[in-house]
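Residue numbering restarts at 1 for every chain, and letters A, B, ... go by the order of the sequence lines.
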Amino acid sequence: MRTHYCGQVNAAQLGHTVTLCGWAHRRRDHGGVIFIDLRDREGLVQAVCDPDREQTFATAASIRNEYCLRVVGVVRRRPEGTVNPAIASGEIEVLAHDIEVLNASLTPPFQMDDDGLSENVRLTNRMLDLRRPQMQRNLMLRYRVTMAVRRYLDAHGFIDIETPMLTKSTPEGARDYLVPSRVHAGQFFALPQSPQLFKQLLMMAGFDRYYQITKCFRDEDLRADRQPEFTQIDLETSFLGEEQIRGVMELMIRTVFKQVMDIDLPDPFPVMTYADAMLLYGSDKPDLRVPLKFTELTDVMKSVEFKVFSGPANAADGRIAGLLIPGGGELTRGEIDAYTEFVGIYGARGLAYIKFNDVAKGRAGMQSPIVKNLSDDALAAIVGRSGAKNGDLMFFAAGKAKIVNDALGALRGKIGHEKGYAEAGWQPLWVVDFPMFERDEEGKRWAAMHHPFTSPKDGHEQFFDSDPSKALAKAYDMVLNGSEIGGGSVRIHREEVQSRVFRALAIGPEEAQQKFGFLLDALKYGAPPHGGIAFGLDRIVAMLVGAESIRDVIAFPKTQRAQCLLTQAPGPVDEKQLRELHIRLRQSEPAKP
RNA sequence: GGAGUGGUAGUUCAGUUGGUUAGAAUGCUGCCCUGUCACGGCAGAGGUCGCGGGUUCGAGUCCCGUCCACUCCGCCA
């Protein structure tokens, strides 16, 4: 039916007869000659129709945008002065001998080269949106990434093994998407939040190296980088330690970036502890393109008069940190107000600042509403630790450590990018030595920071009873330009350690047996040391194509309300279906006055 | 659950202090045009101003409610 892709016709076919299939991208009718830009996934080629072929010319005149066409013609060089360097096939054109309309098209709701479309229009007409060259590029690049991943993993002995999509609901973690069982009345499968436990079982089964590029499901609220179903590159290996696993994984990412985008990532990636990341950047996924760093001030503020600072400084969970903005003295009052409002999103009550007009003059050279409340020692520490220079400005956040970190960390990213402090390029890093546990806000108990199967650092079980906050995990995140693109850990492979972790999480033996009995049992049969990682494929591809949202690298994504505008899913089902599934819907209660 | 931005022609948008017949670009339709490539020229059609209520002599514009899209907080082991 076809001899070439439109976008791949070039001077090599000069004089040849080619047959092309594609869509009418644009028609330019000059009365005596008609040009049709024919488009397929590889690009555009110009077909020319002369009036001396009466039938073909008449057909060409009737063609409208997005008609699906088959064009037979001869490749010829374009006349002098009419070469179009903007397209790959711009040196040549196809003189159409025959045009067959494979299918006409209604007038499309938008033009395929319009890139200012609203998300609403795009998603309701997704099949047409996907015809747009940008989306074709995005999805084809996604494919090239997965192929590069598969090539790398195959070459390194990883085996692709599928794991169930109908599995068991786990109480920990995100909300599950549930699937009712017809055969077992009142019982439900859950769609997997990740293949975590299955891949560990595969290690125990002796497959040694596993991978899967697979969908995961989490019923949580959406974001630009979060969809209810998303794709993980999921891996697990046996008999490798933490550093070795990271080595294999960063080589994979480095290889993929080189092969697909010709990007050279650093070798090795920088490694930073979680503690340092929080101290310096207030984030466990710092964007290293932004050079701004925190100045730690909690200790020197303990004894100042200023209660806004001394209060948090003396609180167990408090923190005071500064963010030095070089040249920040130029910031206007309006900008500072806007930043104050910005940090309010994260719960910060205010945003104090000092402008350093003349550092040599000490207190007198500082311009700020708060300087009069701070001791000489504190002011000296502010300047000494940050290296503030004339013309700089420092923002201060004080309060609960979480709020200070979130607010100042977000401000660092915002100012860094808006004010031009960020470097171009790609800045990956590993964040390591995560805590095993974090405090559960409501339940007032300890929760697993990564997941309950993460191995503690050697010997750190000793902190489980005395001070769980001190226990560190063999967990690691890969961070790229401020986004977490992958995370994993060495897993627990000894039953007694797993039991101790469950105990620390206040999961009793009976509960553990009921929920994770199959895992605990498996650990009894010579489970090998193992560990792994999972990468967010959607996020990686979105970064590579420069997309704002992972929706732009997913063929059929959901809206923020977790609906599909194309298919109108989710939707109601017949009473008959519900009855088979033993489900009766709750009456929605009318609002009572 | 919360904060914010937006919703006006098929599409992307403008619309002043509430005031006559709601505009532009593009697309679409027809006619003209033999070298364009965002072709060009002429003519034309195209509107439930998201939806519902209210204020007013009068609402695209003000108020209340609601729906949808997006961004963020919470949430996401």
Side-chain angles (χ1 to χ4, degrees), chain A residues 25-38 44-52 57 61 64-66 78-87 89-90 93 95 106-125 128-129 170-176 193-194 196-197 216-228 230 341-348 402-403 406-407 410 414 434 436-438 440-442 446-454 473 475 484 487 489 501 505 507 515-516 534 536 548-549 551 558-561 563 565:
Chain A
H25 190 65
R26 271 178 192 282
R27 183 177 60 103
R28 290 179 294 283
D29 186 343
H30 287 243
V33 61
I34 298 172
F35 301 100
I36 295 171
D37 290 337
L38 195 64
L44 292 174
V45 69
Q46 174 169 280
V48 192
C49 305
D50 283 337
D52 50 351
F57 193 77
R64 295 294 181 271
N65 282 351
E66 297 309 307
R78 291 191 182 194
E80 193 144 348
T82 64
V83 166
N84 184 355
I87 62 175
S89 63
E93 62 190 9
L95 178 62
L106 295 175
T107 300
F110 50 82
Q111 290 171 269
M112 295 307 126
D113 48 6
D114 190 341
D115 47 298
L117 298 169
S118 74
E119 197 100 0
N120 206 338
V121 169
R122 290 179 56 198
L123 292 177
T124 47
N125 302 278
L128 293 177
D129 184 39
T170 50
E172 313 270 322
R175 286 189 199 89
D176 287 315
Q193 296 179 22
S194 84
Q196 181 60 38
L197 291 174
C216 302
F217 304 86
R218 295 178 190 176
D219 187 5
E220 295 293 345
D221 286 350
L222 287 78
R223 289 283 191 283
D225 63 350
R226 278 166 28 191
Q227 283 273 305
F230 61 101
E341 194 181 337
F342 174 73
V343 297
I345 296 170
Y346 301 90
K402 176 168 170 33
I403 289 175
D406 288 350
K414 185 179 174 66
F434 280 80
M436 281 288 288
F437 309 107
E438 61 188 342
D440 184 330
E441 281 292 324
E442 296 147 24
W446 294 96
M449 192 155 185
H450 187 55
H451 57 54
F453 320 109
T454 301
E484 181 201 326
S489 64
V501 170
L505 294 170
I507 299 173
K515 289 171 182 165
F516 307 111
E548 298 281 322
S549 159
R551 290 186 302 277
K558 307 281 188 288
T559 67
Q560 193 162 49
R561 293 194 68 254
Q563 288 176 306
L565 295 182

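With P as the reference atom, B:G41 and B:U5 are 41 Å apart, rounded to whole Å. Spacing of P atoms, B:U26 relative to B:U16, comes out at 24 Å, to the nearest Å.
Backbone-only contact: A:Y346 has heavy atoms under 4.0 Å from sugar-phosphate atoms and none from a base. Among the protein residues, A:A224 comes within range of the sugar-phosphate backbone only, with heavy atoms under 4.0 Å from sugar or phosphate atoms but none that close to a base. Nucleic acid contact for A:R122: none, since no nucleic acid atom lies under 4.0 Å from a heavy atom of the residue. Residue contacts shown for A:Q563 are limited to sugar-phosphate atoms, with no base heavy atom under 4.0 Å away. In this structure, A:S194 reaches the bases: a heavy-atom distance under 4.0 Å links it to at least one base atom across the strands shown.
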Pairwise N/O distances under 3.5 Å, protein to nucleotides 33-35 of chain B:
unit_1: B:C33; atom_1: N3; unit_2: A:D29; atom_2: O; d: 3.0
unit_1: B:C33; atom_1: N3; unit_2: A:G31; atom_2: N; d: 3.3
unit_1: B:C33; atom_1: N4; unit_2: A:D29; atom_2: O; d: 3.4
unit_1: B:C33; atom_1: N4; unit_2: A:D29; atom_2: OD1; d: 3.4
unit_1: B:U34; atom_1: OP2; unit_2: A:G32; atom_2: N; d: 3.0
unit_1: B:G35; atom_1: O6; unit_2: A:R76; atom_2: NH2; d: 2.7
unit_1: B:G35; atom_1: N1; unit_2: A:E93; atom_2: OE1; d: 3.4
unit_1: B:G35; atom_1: N1; unit_2: A:E93; atom_2: OE2; d: 2.9
unit_1: B:G35; atom_1: N2; unit_2: A:E93; atom_2: OE1; d: 2.4
unit_1: B:G35; atom_1: N2; unit_2: A:E93; atom_2: OE2; d: 3.3

I'd like a list of close polar pairs between nucleotides 22-29 of chain B and the protein, N/O only, cut-off under 3.5 Å.
unit_1: B:U26; atom_1: O2'; unit_2: A:Q111; atom_2: OE1; d: 2.8
unit_1: B:U29; atom_1: OP1; unit_2: A:R64; atom_2: NE; d: 3.1

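Sequence neighbours left out, the pairs with a member in residues 217-227 of chain A that pass side-chain hydrogen bond (donor to acceptor under 3.5 Å, both in side chains) are A:R175-A:E220.
Residues that satisfy the side-chain hydrogen bond (donor to acceptor under 3.5 Å, both in side chains) test with A:H451, not counting sequence neighbours, are A:Q196, A:T454, A:R491. With sequence neighbours left out, the salt bridge (charged side-chain N to carboxylate O under 4.0 Å, His left out) criterion links A:D50 to no other residue. Shown here are the salt bridge (charged side-chain N to carboxylate O under 4.0 Å, His left out) partners of A:E119, two or more places apart in sequence or in another chain: A:R551. A:E438 meets the side-chain contact (heavy atoms from CB on, under 4.5 Å) test with A:M449; sequence neighbours excluded. Not counting sequence neighbours, the partners of A:I87 by the side-chain contact (heavy atoms from CB on, under 4.5 Å) test are A:L44, A:R78, A:N84, A:S89. In this structure, the side-chain contact (heavy atoms from CB on, under 4.5 Å) partners of A:P109, at least two apart in sequence or on a different chain, are A:N125, A:L128.
At least one side-chain heavy atom of A:H30 sits less than 4.5 Å from a side-chain heavy atom of A:F35.
You'll find a donor-acceptor pair under 3.5 Å spanning the side chain of A:R226 and the base of B:C75, going by distance alone.
B:G40: Watson-Crick or G-U partner is B:C32, with both key distances under 3.5 Å.
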